[in-house]
**Student:** 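The structure under discussion is supplied below as structure tokens; questions concerning it will follow.
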Amino acid sequence: MQTTLRIDPHVHSEGSYDGHDPVELLLEQAAEIGLDGIVVTDHDVIHESLRAAELAPEYGLIGIPGVEVSTNVGHLLAIGVTEMPPRRAPLDETVEWVRDHGGVAVVPHPFQRSRHGIPRRHLVDCDAVEVFNSWLFTGFRNRRARRFAAERGYPALAASDAHSVPHVGRAFTELVIDGVARADLDGDTVLDAMRNGSTRMQGRRQPIPASARHYAVGSARKSGYYAKAGALKGQAAARAGALRGAQLLARLSPL
């Protein structure tokens, strides 16, 4: 007996700072296009992922929680955990934390620093590597990630990295599971298959215009943040200067 599951292990909801849609819509889309499950992996928050995993059976899907956590060298997918891992911790400590809490530590979009991908020199331990991310602007880093995973013997995953409903399932991972009937499959079975490398990749990259918009929005958000921070710093400096001027004038003025 052999069962094949189709899982998109890297999806963002409105709980993520850069996500757009509620988990109900993401789950509905996943069921509509024939996936067996998704993992909502919001940035550094897990509440919506826990809710998605709880709701998943209502849509005929397998519920698997997760989070995209920031380590000190880049982002890491903690798939299958029900608690928030420590943020900004060393990568090796975070990987061990994920394992200790029953999860799978997956490196997303590796080597792409513009998206907080973990640099090659720091990638010395994980459970799997995302070797196909549909949002990567070109195929170069996907190919590089695929070679790296093959050379090091890491299981390979594909994911949409969707930030809105239409992109869910644009890339996904097929998990081939032996000896378990579909009715008996659960999240733990999926996690074991990921660890064991029982995977096949399916998907295609986002169209160049869509990827360009994604990068443009990210750049604009970053620029806007620093512009706002600079303006606030300038306002604070101006207020401080005005206060010092008023104090000096008061000291020089005759009584």
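In this chain, residues are counted from 1 in sequence order.
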**Student:** How long is the gap from CG on D36 to OG1 on T173, to the nearest 0.5 Å?
**Tutor:** 12.0 Å
**Student:** What residue among T71, L157, L76 forms side chain to side chain contact (heavy atoms under 4.5 Å, CB included) with V107?
**Tutor:** L76
**Student:** Does a side-chain N-to-carboxylate-O contact under 4.0 Å join R51 and E54?
**Tutor:** no
**Student:** Please enumerate all residues that pass side-chain contact (heavy atoms from CB on, under 4.5 Å) together with H116, with sequence neighbours excluded.
**Tutor:** H75
**Student:** Only counting residues at least two apart or in another chain, list the ones meeting side-chain contact (heavy atoms from CB on, under 4.5 Å) with P22.
**Tutor:** E14, E24, L25
**Student:** Under the salt bridge (charged side-chain N to carboxylate O under 4.0 Å, His left out) test, which residues partner D21, sequence neighbours left out?
**Tutor:** none
**Student:** Once rounded to the nearest 0.5 Å, what's the spacing between atom CD1 of I38 and atom CD of Q29?
**Tutor:** 9.5 Å
**Student:** Can you tell me how far the OG1 atom of T3 sits from the CG atom of L175, to the nearest 0.5 Å?
**Tutor:** 11.0 Å
**Student:** Got a sec, which residues hit side-chain contact (heavy atoms from CB on, under 4.5 Å) with P90, two or more places apart in sequence or on another chain?
**Tutor:** N72, D92, E93
**Student:** Just to verify, which of R144, R146, R147 counts as forming a side chain to side chain contact (heavy atoms under 4.5 Å, CB included) with V131?
**Tutor:** R146
**Student:** Yes or no on ring pair (Phe, Tyr, Trp, His ring centres under 6.0 Å) for H43 and H12, after CA distance, side-chain angles and deciding distance?
**Tutor:** CA-CA 8 Å; H43 289 287; H12 295 275; 4.6 Å; yes
**Student:** Under 6.0 Å from the CD atom of E96, do we count more than 12 heavy atoms belonging to anything else shown?
**Tutor:** yes
**Student:** Enumerate the residue pairs fulfilling ring-ring contact (aromatic ring centres under 6.0 Å, His included) with a member in residues 52-74, sequence neighbours excluded, ordered by first and then second residue.
**Tutor:** none
**Student:** Give the intermediate values and the outcome of side chain to side chain donor-acceptor pair (under 3.5 Å) for residues D186 and T189.
**Tutor:** CA-CA 5 Å; D186 57 15; T189 308; 2.8 Å; yes
**Student:** Checking F111 now: which residues fulfil ring pair (Phe, Tyr, Trp, His ring centres under 6.0 Å) with it, not counting sequence neighbours?
**Tutor:** F148
